[in-house]
Amino acid sequence: MKKISTLASLLLCAAMGATAQSVKVLHLDNANEQTINAISNNGQYFCGYTGRYYNGWFTYDIENGFYQSVNAADDQSMAALAIANNGKAVGIVDYKATIFTSDTQTTPLDDNSATSSVASAITADGNTIGGYVTNEEGYITPCYWKRGVLKTLTVPAAEGFEADVYGAEVKAMSSDGNVILGVLKDDQGVEPPIYWKKNTTGDYEVFSPYKGLPALEYGMPLENARLSDNGKYIAFADTYNESGAIIYLYDTEKAEMAKTFSIFDCTATVQGDMPITQAVTNNGLVYANIYGNSTLPVVANPADGTMKTLFELYPNVSELQAYADGTTCIATVSGDGKKVIGTYTNENGDEEQGEIFLLNTDGNATAIANDAANDVNVKEVARYNLSGMRIDAPAKGINLVKMSNGKVSKVVIR
């Protein structure tokens, strides 16, 4: 038998598309009663709350399979809303901003004796926490705690629609804290996204990416704004657009809309009209669920304008394909796109079976946008035969061709 060199073996594996794509069921207690809120920047932890009404908080360590949960007393409310790279979660206990450090210890944040407060975001290092406080009159002040010290953020006036604004809520922070995502709170229920970005002096300036959108004319809500971990992208949805529901992708670096997606762009048959954004990755891939007669988990790609289902993107992951006969929802996605947390529910007779799953994408989801954007610049950088010897020109037999984007393809020359 002819031996193949180590180099050729590695190239051949790459050419054959060897990946670590897989689905793993996560065995959390009472999986049907859990809502997943956020995943850490490094993709190791996620957190959320149990029950339907903030009946407890939980965190999960993906690498070590460690689940931590605390149930609230009958007259309490608890929820973990964001989590740092070291596993420190933040959220609320009885509508007071709180740090969850272990199953036996919580630390309330100083909220200047507000009527209520919420900790809803955290930086990767856990040193800055974002949230909001509400006073007795019901005004909501967006804020952040820097090493425990409370600092407030500016609330802009409504632009492009008539409404009384009564504050703003912080929804997310970039991993370094330089960009903070929020939503305006207004009496029309539009709740458009806003964001604060650090300028050269270190102060936060506020921006309104929703200006000029058709939804504002009718006072319709803009749904579920999401921020990428690197702070570059904001994704949100307009479910009441006259021409069909729209997902928007906004670029904070250019301060302009980067892409819009209609649900009619979806390559699969859509049996719903309400897209809810769940995550946006560092290169702008938008993960969403389209709700209606059924639920469709989709990924919108700004590089080629396509919207594909999760099942289409990973046709070779048999465990994921098995979920196609039930209700599959995307919950959250790591910033690099390598980890997708979702839920699957299937009605079996009179019983409803559900589970939480982790889809390891091996980075391929993140590569989708990059590959499409860079295809025009890709060129051959090296060529080898099956013995691993570099060749200067195409040779008869199997050639292993390495491209400038790192991909290796197997080419047969006759």
Side-chain angles (χ1 to χ4, degrees), residues 37-42 44-49 54 56-61 68-70 72-73 76-155 167-183 185 194-206 227 229-231 335:
N37 278 325
I39 189 169
S40 61
N41 171 260
N42 60 3
Q44 182 173 345
Y45 303 93
F46 65 85
C47 67
Y49 62 88
Y54 288 3
W57 64 272
F58 74 86
T59 62
Y60 187 82
D61 182 337
Q68 178 177 246
S69 176
V70 175
Q76 273 189 320
S77 58
M78 287 183 175
L81 303 177
I83 193 163
N85 283 349
N86 60 2
K88 181 172 77 173
V90 296
I92 58 169
V93 173
D94 286 339
Y95 290 94
K96 288 291 185 179
T98 302
I99 300 172
F100 303 108
T101 50
S102 72
D103 58 0
T104 59
Q105 184 178 0
T106 59
T107 305
L109 286 158
D110 180 15
D111 60 7
N112 288 345
S113 300
T115 301
S116 66
S117 58
V118 176
S120 53
I122 193 167
T123 53
D125 60 13
N127 290 331
T128 305
I129 297 168
Y132 49 96
V133 297
T134 305
N135 63 18
E136 292 182 353
E137 288 74 37
Y139 190 85
I140 302 170
T141 301
C143 64
Y144 63 97
W145 289 266
K146 181 72 173 179
R147 300 187 185 278
V149 179
L150 176 66
K151 299 185 178 183
T152 60
L153 295 162
T154 302
V155 178
E169 295 178 353
V170 168
K171 293 297 184 182
M173 306 180 78
S174 61
S175 59
D176 57 8
N178 287 335
V179 180
I180 301 176
L181 173 67
V183 296
K185 302 298 289 185
I194 57 176
Y195 67 97
W196 298 268
K197 187 174 183 179
K198 278 188 179 179
N199 57 25
T200 54
T201 63
D203 298 319
Y204 283 104
E205 293 183 52
V206 65
L227 177 70
D229 278 349
N230 60 3

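Note that the structure is a prediction, hence the values are computed from the model and not measured. Starting from 1, each residue takes its place in the sequence as its number.
For residues 115-129, every residue pair satisfying the side chain to side chain donor-acceptor pair (under 3.5 Å) rule, not counting sequence neighbours, is listed here: Asp111-Ser117, Thr123-Asp125, Asp125-Asn127, Thr128-Lys146. Applying the salt bridge (charged side-chain N to carboxylate O under 4.0 Å, His left out) test to every pair with at least one member in residues 126-144, sequence neighbours left out, gives no pairs at all.
By the side chain to side chain contact (heavy atoms under 4.5 Å, CB included) test, Ala79 pairs with Tyr49, Tyr54, Leu81, Ile92, sequence neighbours left out. Not counting sequence neighbours, the partners of Phe58 by the ring pair (Phe, Tyr, Trp, His ring centres under 6.0 Å) test are Tyr67. Listed by chain and residue number, Thr201 satisfy the side chain to side chain donor-acceptor pair (under 3.5 Å) test with Asp203 (two or more places apart in sequence, or in another chain). Partners of Ala38 according to the side chain to side chain contact (heavy atoms under 4.5 Å, CB included) rule, which considers only residues two or more places apart in sequence or in another chain, are Cys47. Not counting sequence neighbours, Asp110 has no partner by the side chain to side chain donor-acceptor pair (under 3.5 Å) test. Partners of Tyr45 under the ring pair (Phe, Tyr, Trp, His ring centres under 6.0 Å) rule, at least two apart in sequence or in another chain, do not exist in this structure. Legend: residues meeting side chain to side chain contact (heavy atoms under 4.5 Å, CB included) with Asp229, ordered by chain and number and at least two apart, are Asn41, Asn282. Residues passing the side chain to side chain contact (heavy atoms under 4.5 Å, CB included) test with Leu150 are Asn112, Cys143, Trp145, sequence neighbours excluded. Residues forming a side chain to side chain donor-acceptor pair (under 3.5 Å) with Asn37 (at least two apart in sequence, or on another chain): none. Scanning for side chain to side chain donor-acceptor pair (under 3.5 Å) contacts around Tyr144 gives an empty result, with sequence neighbours left out.
Phe100 has its side chain within reach of Val93: a pair of non-hydrogen atoms, C-beta onward, lies under 4.5 Å apart. For the pair Asp61 and Gln44, the minimum side-chain heavy-atom distance is below 4.5 Å. Residues Val118 and Glu169 have side chains not in contact (no heavy-atom distance under 4.5 Å, counting atoms from C-beta outward).
For Ala82 against Ala121, the heavy-atom pair with the smallest separation is CB-CA, 3.7 Å. Ile140 and Pro142 get closest at one heavy-atom pair: O-CD, 3.6 Å.
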